[in-house]
Trainee: 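Here it is, the structure, as structure tokens.
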Amino acid sequence: MLDKIKEKINNNAPLDKKDILKLIALLTTEKKQEIYNLADNLRAKIMGDEVFIRAIIEFSNFCRKNCDYCGIRGKNKNVKRYRMTEEEIIDNCLKVEKNGFTTVVLQSGEDMYFNKEKMGYIISEIKAKTKLAITVSAGERDIETYKFWYDCGMDRYLLRFETSNKKIFQKIHPDDDFDFRIQCIKNLKSIGVQTGSGFMIGLPEASFEDIADDILLCRELALDMIGVGPFIPHPDTPLGVNILKYDFDFYSGIIAILRLVNPYSHIPATTAFDALQKNGRDLLLQRGANIFMPNATPQKYRKFYLLYPDKPCVDEGADDCSRCVIYRITRLGRKIGKGPGHSVLNKKNDA
Ligand code: SAM
Ligand code: SF4
Ligand code: FES
């Protein structure tokens, strides 16, 4: 069964939904190690041994939305809200560069205080003062705003579609529309922004078939980066009573399959994997991932950006995480990526 799929991968033939469902089923058998190895080899062949680092600054936990899974949803009264000042954000970007990193990710709740102009100013200042590549992840905005930020120097944007199942999406997003979410992702791509999206694994009611569709939607959207992580229930949310559906090996196996279907996309070892298992992100780097996103948020804010329980690195500061990430990557025999680590989707077109 796996041999036919291996042959397809060796011949650069695209895997179809049937193949993906077969691979998902095999994750619950002893064959899972073979799937991890296939993904690791493909990652090495296409993306090489470099691990690119994207330092993430969580600059505001205000959010106008109420996604049913998220610990910082607007209606969660147990969250102490914070907003970093413009100067603080810029200063922390300078620190990221000083620590030797080449990309910063500015992430927040959907906080409209950071409107088109304010965010545009921050992006322009970072561009003027550093050589950093800038990724923003601040939710759904209109195309004019995305375009303005791109013109100010924004290189990339992250906006997950969360699930490809429209029914489930509508059920858990009281403020959102699935088609609009997809349109935002397409708008970003059309402007020329390197676009990242992705989904959560193990949402309530999501089936294996939904996971296969999630993986295929990533390919259909031709994403530069694909951020995927386990759904971890937060007790202060409507989905907080659910329990983790799968074990670490299954969740990480989905990342391996994601790599097999999307050989040319950057795939981060997302933070939530460390919440499931100590050094979970290291294992992910050996199962298809090639990006690490250490936390560069000032330590005093970290405990207020708890999307899910047991979020890692809450007691550490930016310098701790930057030292730690270098140790973790080199210990695996991998190299820290040099340069900004831009999209390699164009490599696919040349192949
Ligand atoms: N507000 C922006 C947005 O929604 O795109 C960016 C920040 S949001 C907190 C970043 C990501 O956190 C979401 O795309 C979602 O997938 C993830 N997230 C939120 N709650 C989670 C949970 N309970 N378990 C795992 N991931 C979660
Ligand atoms: Fe807000 Fe993003 Fe959380 Fe939704 S996932 S509640 S938009 S921070
Ligand atoms: Fe934060 Fe290891 S990555 S302490």
Trainee: Would you say the side chains of Gln183 and Asn187 form a donor-acceptor pair under 3.5 Å?
Mentor: yes
Trainee: Would you mind listing every ring-ring contact (aromatic ring centres under 6.0 Å, His included) that reaches into residues 105-136, with sequence neighbours excluded?
Mentor: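 Residue pairs with at least one partner in residues 105-136: Phe59-Phe114.
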Trainee: Checking Lys129 now: which residues fulfil salt bridge (Lys or Arg N to Asp or Glu O under 4.0 Å) with it, not counting sequence neighbours?
Mentor: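 Applying salt bridge (Lys or Arg N to Asp or Glu O under 4.0 Å) to Lys129 gives Glu125.
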Trainee: Can we say Asp49 and Lys335 salt-bridge, meaning some charged N sits less than 4.0 Å from an Asp/Glu carboxylate O?
Mentor: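 Result for this pair is no, no salt bridge flagged.
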Trainee: For Cys67, is there any backbone N or O sitting under 3.5 Å from a side-chain donor or acceptor partner on Arg73?
Mentor: yes
Trainee: Can you sort out the partners of Asp155 under salt bridge (Lys or Arg N to Asp or Glu O under 4.0 Å), two or more places apart, ordered by chain and number?
Mentor: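 Salt bridge (Lys or Arg N to Asp or Glu O under 4.0 Å) list for Asp155, sorted by chain: Lys127.
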Trainee: Can you list, by chain and residue number, the hydrophobic cluster partners of Leu203 when the side-chain cut-off is 4.5 Å?
Mentor: Tyr69, Ile168, Ile172, Met200, Phe231, Leu239
Trainee: Applying side-chain hydrogen bond (donor to acceptor under 3.5 Å, both in side chains), name anything that partners Asp91, two or more places apart in sequence or on another chain.
Mentor: none
Trainee: Would Thr145 and Asp142 count as having a side-chain donor-acceptor pair, cut-off 3.5 Å?
Mentor: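 A donor-acceptor contact under 3.5 Å links the two side chains.
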Trainee: Given a cutoff of under 4.5 Å between side-chain heavy atoms of I, L, V, M, F, W and Y, with clusters grown through shared members, what are the other residues clustered with Leu158?
Mentor: Phe52, Ile56, Val105, Met225, Ile291, Met293
Trainee: Hey, is Asp111 close enough to Arg83 for a salt bridge, meaning N to O under 4.0 Å?
Mentor: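 Yes.
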Trainee: Listed by chain and number, what are the salt bridge (Lys or Arg N to Asp or Glu O under 4.0 Å) partners of Arg54, not counting sequence neighbours?
Mentor: none
Trainee: Report the residue from Ile215, Leu23, Asp214 that forms a side chain to side chain contact (heavy atoms under 4.5 Å, CB included) with Ile254.
Mentor: Ile215
Trainee: Can Arg181 be said to sit on top of Phe161's aromatic six-ring, NZ or CZ under 6.0 Å from centre and within 45° of the ring axis?
Mentor: no
Trainee: Write out all pairs satisfying ring-ring contact (aromatic ring centres under 6.0 Å, His included) with one or both partners inside residues 177-224, taking only residues at least two apart or from two chains.
Mentor: Phe169-Phe178, Phe208-Phe250
Trainee: Just jot down the salt bridge (Lys or Arg N to Asp or Glu O under 4.0 Å) partners of Asp151, sequence neighbours excluded, or say none.
Mentor: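 Listed in chain order: Lys147.
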Trainee: Is it true that, when you exclude Lys118 itself, more than 12 heavy atoms of the residues, nucleotides or ligands shown sit nearer than 6.0 Å to its NZ?
Mentor: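 Result for NZ/Lys118: enclosed.
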Trainee: Please collect all ring-ring contact (aromatic ring centres under 6.0 Å, His included) contacts where either partner lies in residues 80-106, sequence neighbours excluded, each pair once.
Mentor: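 Found Tyr82-Tyr301.
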Trainee: Would you give me the side-chain donor-acceptor pairs under 3.5 Å for residues 309-316, sequence neighbours excluded?
Mentor:
unit_1: Lys311; atom_1: NZ; unit_2: Glu58; atom_2: OE2; d: 2.9
unit_1: Lys311; atom_1: NZ; unit_2: Tyr305; atom_2: O; d: 3.2

Trainee: Does Lys65, at its NZ atom, have more than 12 non-hydrogen atoms belonging to other residues, nucleotides or ligands within less than 6.0 Å?
Mentor: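 Correct, the count exceeds 12.
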Trainee: When you measure from the side chain of Tyr36 to the backbone of Gly288, do you find a donor-acceptor pair of N or O atoms at a distance under 3.5 Å?
Mentor: no
Trainee: Give every residue pair that meets the salt bridge (Lys or Arg N to Asp or Glu O under 4.0 Å) criterion with at least one member in residues 98-108, sequence neighbours excluded.
Mentor: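 Of all non-adjacent pairs touching residues 98-108, none passes salt bridge (Lys or Arg N to Asp or Glu O under 4.0 Å).
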Trainee: Tell me, do Thr271 and Asn295 make a side-chain contact under 4.5 Å, heavy atoms counted?
Mentor: no
Trainee: Other residues, nucleotides and ligands only: do more than 12 of their heavy atoms fall within 6.0 Å of NZ on Lys171?
Mentor: no
